[in-house]
Structures are given as structure tokens and as C-alpha cells.
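Start at 1 with the first residue, then count along the sequence. None of the values given here were measured: they were computed from a predicted structure.
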Amino acid sequence: MKKGTSRKYTQKLLSPSSIAEGGHIMAEDKHVSPTVVESLMSEMKRELQSCREAMAADIKAQLENMHRELKNDITSLRAETKAEVGALREDILHKMDSLRNAHAQTAKEQKEMGGALSDVTDRLVILEKNHDMLTKDHKKLQEKCTDLENRSRRQNLRVVGIAEGIEAGNPSRFVAEFFPDVLGAGSFDTPLLIDRAHRSLAPKPRDGERPRALIVRLHYYADKEKILKLSREKGRLIYKGSPVHIFPDMSPEVGKQRAAFNQVKAGLRQAKIPYSMYYPAKLTFTLDNIRHSFTNPQDADTFIRANITHPAYKPFHYFIIIEAEPFNFLLI
């Protein structure tokens, strides 16, 4: 706001000397006429009235000037504020449009992701069903393969402890003579018919190492069962001064399952408790005229420790006795 210029008032005032002089005159001249006094008073009133009117006019002019300036300033501020508000509005609208577009894009992507996620979920459900079905089929096929493999071995025997090279290049003829020598010639009415015999497929051991097992396939299943029965009845078998063991030939999977019971079976033998091992790996024994069966060696050990107080029974340590060749397990 511009500052208004103030007017300078010029007044015609009676100086003190003139007033004193007039008073002196009036004092000296006590016979001044009333007309002169009234004239002086009138003149003073006119001058005062003129001064008052001039001051009022000047104040009014200044107020009008200030009003115009304030009005112009308010108009200018209003215009500037309107322009700034308009620019701010445009900026806000532009940013809102950007946000709206970004939100629309995000909503579109979220919708696409939701559809993709739903599709992936559906596919995952189908894959899980297929996986479960394939797992069941695989388990069935594995069990069937294991069963077929063990059926193909049902006439096989595994002989452990025979020195390397003693068969002199003809293992079939050797085992045909070995069984009568170890189990007793009177135990067999007719010569054993051997389909084939060979060492296990492990590398040939060096001198001093444990010999490989002999795998023997008998022509008749009854001969195999008879040999196992005679072996159990005779107990410890000795051939040319060395202990030998005769076992049924099983697949590696069944061999592992049965070998897990080795410690439990050893404890049962020490406690003088007879037991049987059924295919594929089921331990059965009778205690207090009650028959018990176990497929888990840990469960069998827990039961025996809780019910057998024989000092010869030792706790289960979970180990497997394995031959020094792949997939050949010493089943006791």
C-alpha cells in the first residue's frame, strides 16, 4: 500500500502579540465599540470553521485514497491467490490422475496375479494328487519288484565263511559235496541237485580279508528248506576248522530290514527265548504263553526290556552287521 501524502494546513492564527496588543488596546481604550469586538469574533469563527472544513476534506480524501489502495491490494491479492489456487488445483488434479492411473494399473496387475495364482493353485492341487497317486503306484511297484526279486531268490542260499578258491573253479560241484559234509551225509537220501553256484559280485578280497559269500541256487525248494532246518538244528557249523553260516538269500531291501533285528535276536538267544523271522522282516516269539510279533526293531526292544529281566539281555543299540561287500547282510 502506498503511503498517502498529508496536507499541510495553513491557518491564519492570531499571534499572542496581536491578541495582547488588541487586549492592550482594549485595555487602554476602554471605550471600544461592541461592533468591533463582534467583528473580530466573527472573523475568528470563520477562520476556525474554514480550518475544520479543510481538515475534514483532507481526512476524507486520505480515507478515500486508502480505501482505493486497500481495494486494489485486495483485488491484486485475490487475483494472485486465485492464480496460485488454480495452479495448485491443476497440480493436484495431475497428480490425482497419475495416482488413478497407477491404481488402475496396480488393480489390473493384481487381477492378473490373482488369476495366475488361482491357476497355479489349481495346477498345484492336480500335481499333488498326481504325486500322491504316483507315490502310491511307486510304492506298489517297489513292493512288487521286491517281492518278485525275493521270489526269484526263494531257492537260493547264502553260505558265509568259506575260504576263497577252495571251490577249485567248480562251485556247483563243491557245494553239492559241502552240504553233506557239514550237515551230515545221512541227512540226504539223494544227491543234491544244484542249478548254479557262484561267489557274490564283490571284488575279490586280498589275502587276510574276509572271503566273499557263496550264492547257491538249489533245484528244489524243499532241499533249501531242509538245509536251513538242519543248519538250525545243528547250531554251530565248522568246515575245515573255520566257522561257516548258512542263510536264506534275500534282496538288499529285505536284508536291511532283517539285519535291523540282529541285536534283538542276539538278546533273545542269550535269554533262551526261541523266535522266528517271517517274510519280509517280522520277528515273532512267545513269552508267557502269549505270541508276540514285531515289524519294528525298536518296538521289539522296548517290549523285551519292559517284560524280560534276564541278565543276559542287553539293550538295543541300533546297528547292522554288514559283510565287507555290497548288499550282503549277515542275518543271525
Side-chain angles (χ1 to χ4, degrees), residues 145-263 265-266 269 277 279-281 319-332:
C145 288
T146 302
D147 181 68
L148 290 173
E149 182 178 0
N150 284 284
R151 286 180 183 275
S152 68
R153 297 172 180 237
R154 65 185 305 178
Q155 293 170 221
N156 291 6
L157 288 174
R158 183 179 292 265
V159 184
V160 179
I162 297 178
E164 289 281 341
I166 199 171
E167 62 272 23
N170 194 340
S172 297
R173 185 180 63 185
F174 169 77
V175 295
E177 298 173 354
F178 165 79
F179 289 121
D181 290 345
V182 173
L183 301 176
S187 301
F188 301 95
D189 299 331
T190 58
L192 293 174
L193 184 59
I194 307 298
D195 287 345
R196 59 182 176 272
H198 59 82
R199 292 281 181 175
S200 61
L201 301 180
K204 186 176 181 179
R206 294 188 292 269
D207 293 341
E209 293 183 346
R210 187 175 185 176
R212 294 173 294 174
L214 267 173
I215 310 300
V216 181
R217 180 175 179 84
L218 290 99
H219 188 74
Y220 297 109
Y221 177 78
D223 289 342
K224 174 231 179 180
E225 289 297 310
K226 185 177 182 179
I227 292 173
L228 288 175
K229 181 180 178 181
L230 292 172
S231 174
R232 286 193 296 267
E233 292 175 350
K234 194 166 185 179
R236 185 175 179 82
L237 303 179
I238 302 296
Y239 181 74
K240 293 187 177 181
S242 299
V244 294
H245 306 277
I246 302 174
F247 308 109
D249 184 38
M250 299 288 182
S251 66
E253 293 79 9
V254 175
K256 290 179 182 179
Q257 296 175 20
R258 292 197 168 198
F261 285 93
N262 284 350
Q263 183 71 12
K265 292 187 293 184
R269 285 196 301 272
M277 180 67 74
Y279 180 83
F319 67 88
I320 300 175
I321 302 175
I322 306 177
E323 288 191 24
E325 55 185 275
F327 306 119
N328 292 325
F329 299 88
L330 181 57
L331 306 178
I332 300 176

Is the shortest side-chain N to carboxylate O distance from Arg153 to Glu149 below 4.0 Å?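 Salt bridge flag = yes for Glu149 with Arg153.
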Within a strict 4.5 Å, meaning less than it, do heavy atoms of the [X] and [Y] side chains meet?
X	Y	result
Tyr279	Arg258	yes
Ile227	Leu192	yes
Asp249	Val216	no

Main chain of [Y], side chain of [X]: is a donor-acceptor contact present, judged purely on distance under 3.5 Å?
X	Y	answer
Arg199	Arg212	yes
Lys224	Leu218	no
Asn150	Ser251	yes

Taking all atoms of both residues into account, what is the closest heavy-atom pair of [X] and [Y], and its distance?
X	Y	result
Ser231	Ile246	OG-CB, 4.1 Å
Pro171	Ala197	CG-O, 3.1 Å
Gly161	Pro211	C-CG, 4.3 Å
Pro205	Glu164	CD-OE2, 3.5 Å
Asp195	His219	OD1-ND1, 2.9 Å
Gln155	Tyr220	NE2-N, 4.1 Å

Determine, step by step, whether Phe179 and Phe188 satisfy the ring-ring contact (aromatic ring centres under 6.0 Å, His included) criterion, reporting the C-alpha distance in whole Å, the side-chain angles of both residues, the deciding distance to 0.1 Å, and the verdict. CA-CA 9 Å; Phe179 289 121; Phe188 301 95; 7.4 Å; no
Drop me the distance from [X]'s [atom1] to [Y]'s [atom2], to the nearest 0.5 angstrom.
X	Y	atom1	atom2	value
Leu214	Phe178	CG	CZ	8.0 Å
Glu253	Gln257	CD	CD	8.0 Å
His245	Leu157	NE2	CG	14.5 Å
Arg154	Glu225	CZ	CD	8.5 Å

Is the number of heavy atoms from other residues, nucleotides or ligands within 6.0 Å of NZ (Lys234) greater than 12?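 For Lys234, atom NZ is crowded (more than 12 foreign heavy atoms under 6.0 Å).
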